[in-house]
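Inspection log for the structure reproduced underneath, given as structure tokens.
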Amino acid sequence: MSNLKGRSLVEPEDFSLYEMESLFSLAENIEKNDKILSDSCRGRLLATLFFEPSTRTRLSFEAAMLRLGGSCLGFADPGSSSAAKGESLADTVRMAASYADAIVMRNPKEGAALLASRYSCVPVINAGDGGHHHPTQTLTDLLTIRQLVGRIDTLTVGFCGDLKFGRTVHSLAKALARYNKIKMIFISPSELVLPEYIKNVLKKQNVEFIENENLEKSISELDVLYMTRVQKERFFNEDDYIRLKDTYVLNTDRMSLGKKNLIVLHPLPRVNEISIEIDSDPRAAYFKQAKYGMYVRMALLAYILGVV
Ligand code: NCD
């Protein structure tokens, strides 16, 4: 029995490196033989409470639970839940916890997942809380790096796009800071730089990082390029969004400056920041990454539900 049984996942640091290693090994075994855990969650219920739009995260959690033999219930649109009648998050979560064995929640408010985990008697998995964190995307990203590069250390990782509101960037940067010899390059317009609180975490852990506004200048140095979408829904002013949305577009000219063994990741959805012509480049790894997301979520559910 693992000690992840019954645990919530709100921020990437909630699990130790050792616990994350166990998750990755199990996910890799499931990828090799997707039958090893089928039926292990029969009779278990997963509640998916999505107060914000999602395709990959919700569907991959549902696919993961169904492939483990369990079932799912929930909503993908808060308009169809009692939140629309004014119910508090604490009450919605208490209800879901009394019906299900675990809860996956996405919410536009920073801190919502932490609050939910305090009111829930079953594990709560944060599937994104506003512009704050998205720890299961980080598990997905780390597993993809481990699979495709073969290591999660001694790497130069570039993050490009909306580093201010991009919760996947915040979670991945904090998580990578715990590994050895990771250099990070943060590429964004000055309006969308990485928040100070994440930079402080990196400084405290003596992580080497630089910030610049120029993708061409940095791409040749990178082992991993993490592209992100400008997060339209977090802008107060539409004109700012329109001005900033196409600052970086990864096209064949820019890709030609990258290393031969570079991998390009993106949490998806992409809007315009990666041209479709890049999809056929062997270094484009974002669709594989989405698939690894399902395997790592299967491993996560199996551990927190205590079936392995
Ligand atoms: C990301 C998210 O929701 O933060 N998507 C995802 O979960 N794969 C990234 C994004 O929406 O840009």
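Remember, it's 1-based here, ligands and their atoms both numbered in the order they're listed.
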Would you say the side-chain atoms of Thr252 and Glu277 include a donor-acceptor pair closer than 3.5 Å?
yes
How about His133 and Ser171: does a side-chain donor come under 3.5 Å of a side-chain acceptor?
yes
Heavy atom to atom 7 (O) of ligand 1, shortest distance: which of His134, Gln137, Glu233 holds it?
His134
Looking at Gly128, Ser60, Pro267, Gly130, the heavy atom closest to atom 8 (N) of ligand 1 belongs to Pro267
Whether His266 and Tyr286 hold their rings parallel, tilted or perpendicular, with breakpoints at 30° and 60°:
perpendicular
[atom]: the protein heavy-atom neighbour that sits closest, reported with distance to 0.1 Å:
atom: atom 11 (O) of ligand 1; result: Arg229 NH2, 2.8 Å
atom: atom 5 (N) of ligand 1; result: Leu268 O, 2.9 Å
atom: atom 4 (O) of ligand 1; result: Arg167 NE, 2.7 Å

Can you establish whether the number of heavy atoms outside Glu208 located under 6.0 Å from its atom CD is more than 12?
no
Going by heavy atoms in the side chains, are Ile276 and Arg270 under 4.5 Å from each other?
yes
Answer whether the closest heavy-atom distance between the side chains of Arg7 and Asp14 falls below 4.5 Å.
no
Interfacing atoms of ligand 1 (cut-off 4.0 Å, heavy-atom, Pro269):
10 (C), 11 (O)
Atoms of ligand 1, numbered as shown, that sit under 4.0 Å from any heavy atom of Thr57
6 (C), 7 (O)
Does NZ or CZ of Arg106 lie under 6.0 Å from the centre of the six-membered ring of Phe50, at an angle within 45° of the ring axis?
no
Ligand 1 and Thr168, any nitrogen or oxygen pair closer than 3.5 angstrom?
no
Measuring from the heavy atoms of Arg106, does anything fall under 4.0 Å of ligand 1?
yes
